[in-house]
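Below: the structure, in structure tokens.
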Amino acid sequence: MLRKLWIILTLVLVVPGLMTMVSCATQTGGQQTETTTTTPSEAPKKPMAPAADTSGADRAKEMARNQFLSEHVPYAFDSAALSPMAQNILKRKAAWLNDNPGVSAVIQGHCDERGTAEYNLALGERRAESARAYLVDLGTSSARLSTISYGEERPLDPRSNEEAWAKNRRSQFVIK
Amino acid sequence: MHSMRRQLLFIGILILVFTMGSRPEVQAVDEYYEIHPFLKKIPLAIPDFKPLEPGGTTAETARQARDLTAETLAFTSYFKLIDPAAFLEDPKTSGLTKRSINFRNWTIIGAELLITGGVSQSGDAVEMELRLLDTVKGDAVIGKRYRGRHADLRKIVRKFCSEVIFYLTGDRGYFNSEIAFISTATGNKEIFIAEFDGRNPSQFTRTKDITLSPAWSPKGDWIAYTAYPKNKPNLYIKHRRQQRGYEIANKGLNITPAWRPTRSGDRSLDQKHLAATLSFTGDQEIYLLTGKGKIIKRLTKSWGSDVSPTWSPDGKRIAFVSNRAGNPQIYVKDLESGRVDRFTYQGRYNTQPSWSPKGDRIAYSGMEGGRNDIFVAGFDGRPPTQLTREAGNNESPSWSPDGSMIVFSSTREGRARIYVMTAFGTDQRKLLTLPGEQTNPQWSPNTGL
């Protein structure tokens, strides 16, 4: 039982960490070898960054911002509870908000398609509100955070399978 | 014919017995489900309507009127229409009235009811005489004469069909009702409205965004719904015919509107009442509002979500969805005493309650194995009856105004479409096909012909 827990914890905490490290390594690697041109495959990842004179600091900032926008807070079916993984993601959100004091964010609460539309509007709001409450507990000013529920109306993945449902159950951050 | 009336009377008695709720009679309730009027359909013959003067236009109008009558009555699922190929009577020589009909020619092919029609037309003016005859008794039971323009043909036919249904059931039916639903035909979720039988669908909202939960006012003159024009879910109250409307935009959610039934006549919007879920306090509770959105009082109080109210026909109770026990279940609250009873116990996800117009049952969506199906349950503690099964995802039940049918959405053919069935789950069929997906149907009141 305990061993199983450790395995799950390792998977939950270490694997995403490794993945971030790996992606950092490849990106900085790319920076070193190509100083003046951008490969087509990399172009969409950093459309805002000027190719030639990007400093390392700007690049890191841009990546942190992208992560803030693209890393979504996951939930179990019919639940607004924050798992350890969800809490870690929210800690990173809090850190980014702390580094960017001028920014206000909207937290969107989303659901998978399996429930019914009306109840999911309520569930989406509870998800966004639980994420917001967690950030406020971490010290983010509540004035910088607003919430909106989209229920099951704005799925990230339109397919009807476990993978898509897991992706669609989320709180998603948008910069105001 | 007689058997139908007897059956209905029997059902009436059973309902009476059933509400008294003493033990030995409960046994009889089983039969209530077995003898419902949709199982043994009444054999009905509708021979060609007779043009009462020569001429191609009259003959064409007569044919249209006959087919419309057959379609309208077939929709109710009370009848089995007899194939005209089996008719023994020659429509050219047989008459329209009791005296000129050989009833044996109809009973011998199994018809218990017969409808005859005579049509005359001069220019745009149409006159029709329509009769319902009981072939077993050998008697005429309804005889009506209608005058109107050719454009009124369907109105006339529906008026007559309404008489037929009233004779059989004691209720006017739903031939002047509509069905509102959500369609993605335009690429966005918008409210569309079609006639009860799916004819003439037309777009009602143009929010160009998410639009949800249409709700008809008791007279059918207003529709409340949820939409996002201000980038958050607010309530909108829009007149059915006029360009008038109101917005209810409290902080947080403004969702799942349901109009309180009224018995009195026309009321202004200020005097109409609406139950809806608001979350401005940080908790999702159901409130009683005026038609213009003024809060009268809070109706629920519990941690978590309270959504999707539906009113008992007397306006004294609401059923709603709450996750107070950990997952969504349906509860009933008596507004006078404040007492709340849990209504659903089977399954872990029961939502979308819809209270029947007769008041004795609630239809809802229940999820099992990740799929929703339509269930109906009464207040006798008996297990719910499952009306749909193994046919995709079935959601959003809404009763016809007479309680004889239920409209719902289903993905049984892939994309979500609007379907109807009888209140006992028989005769399930698709109502209409439009581009995109159609969900969330709401049957309007029968506004009278």
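Residue numbers start from 1 in every chain, and the chains themselves are labelled A, B, ... in the order their sequence lines are given, proteins ahead of strands.
Applying the side chain to side chain contact (heavy atoms under 4.5 Å, CB included) test between B/I179 and each of B/L431, B/I193, B/L432 identifies B/L431 as the sole match.
B/K251 places no side-chain N or O within donor-acceptor distance of the main-chain N or O of B/G282, the cut-off being under 3.5 Å. Checked by atom type and distance alone, the side chain of B/R417 pairs as donor or acceptor with a backbone atom of B/L434 at under 3.5 Å. Looking at B/Y225, its side chain never comes within 3.5 Å of a backbone N or O of B/E190 through a donor-acceptor pair. Looking at A/S70, its side chain does come within 3.5 Å of a backbone N or O of A/N66 through a donor-acceptor pair.
Residues of residues 149-170 of chain A that come within less than 4.5 angstrom of chain B, heavy atom to heavy atom, are A/S149, A/Y150, A/E153, A/R154 in numerical order. Heavy-atom proximity under 4.5 angstrom to chain B picks out A/R114, A/G115 from residues 100-115 of chain A. The interface of residues 119-143 of chain A with chain B, defined by heavy-atom distances below 4.5 Å, comprises A/Y119, A/N120, A/L121, A/A122, A/E125, A/R126.
A salt bridge links B/R324 to B/D306: one of the charged nitrogens lies within less than 4.0 Å of a carboxylate oxygen.
Of the atoms belonging to B/N440, it is side-chain heavy atoms, and not backbone ones, that fall under 4.5 Å from chain A. The contact between B/P233 and chain A is made entirely by side chain atoms (from C-beta outward), counting heavy-atom distances below 4.5 Å. Looking at B/N372, only its side chain comes within 4.5 Å of chain A, counting heavy atoms on both sides. With a threshold of 4.5 angstrom between heavy atoms, B/L253 approaches chain A through its backbone and through its side chain.
Counting heavy-atom pairs under 4.5 Å between each of B/S365, B/S308, B/S213, B/S279 and chain A puts B/S279 at the top. Between chain A and the residues B/V307, B/T351, B/T256, the most heavy-atom pairs under 4.5 angstrom are made by B/T351.
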| task | Would you sort out whether B/N188 and B/D209 count as a side chain to side chain donor-acceptor pair (under 3.5 Å), showing the intermediate values? | result | CA-CA 5 Å; B/N188 288 306; B/D209 205 335; over 6 Å; no
| message | Would A/I148 and A/V174 count as a side chain to side chain contact (heavy atoms under 4.5 Å, CB included) here? Give the steps. | response | CA-CA 11 Å; A/I148 177 175; A/V174 174; over 6 Å; no
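For the pair A/L97 and A/F68, the minimum side-chain heavy-atom distance is below 4.5 Å.
For B/A377, the side chain to side chain contact (heavy atoms under 4.5 Å, CB included) criterion is met by B/F343, B/Y364, B/P384, not counting sequence neighbours.
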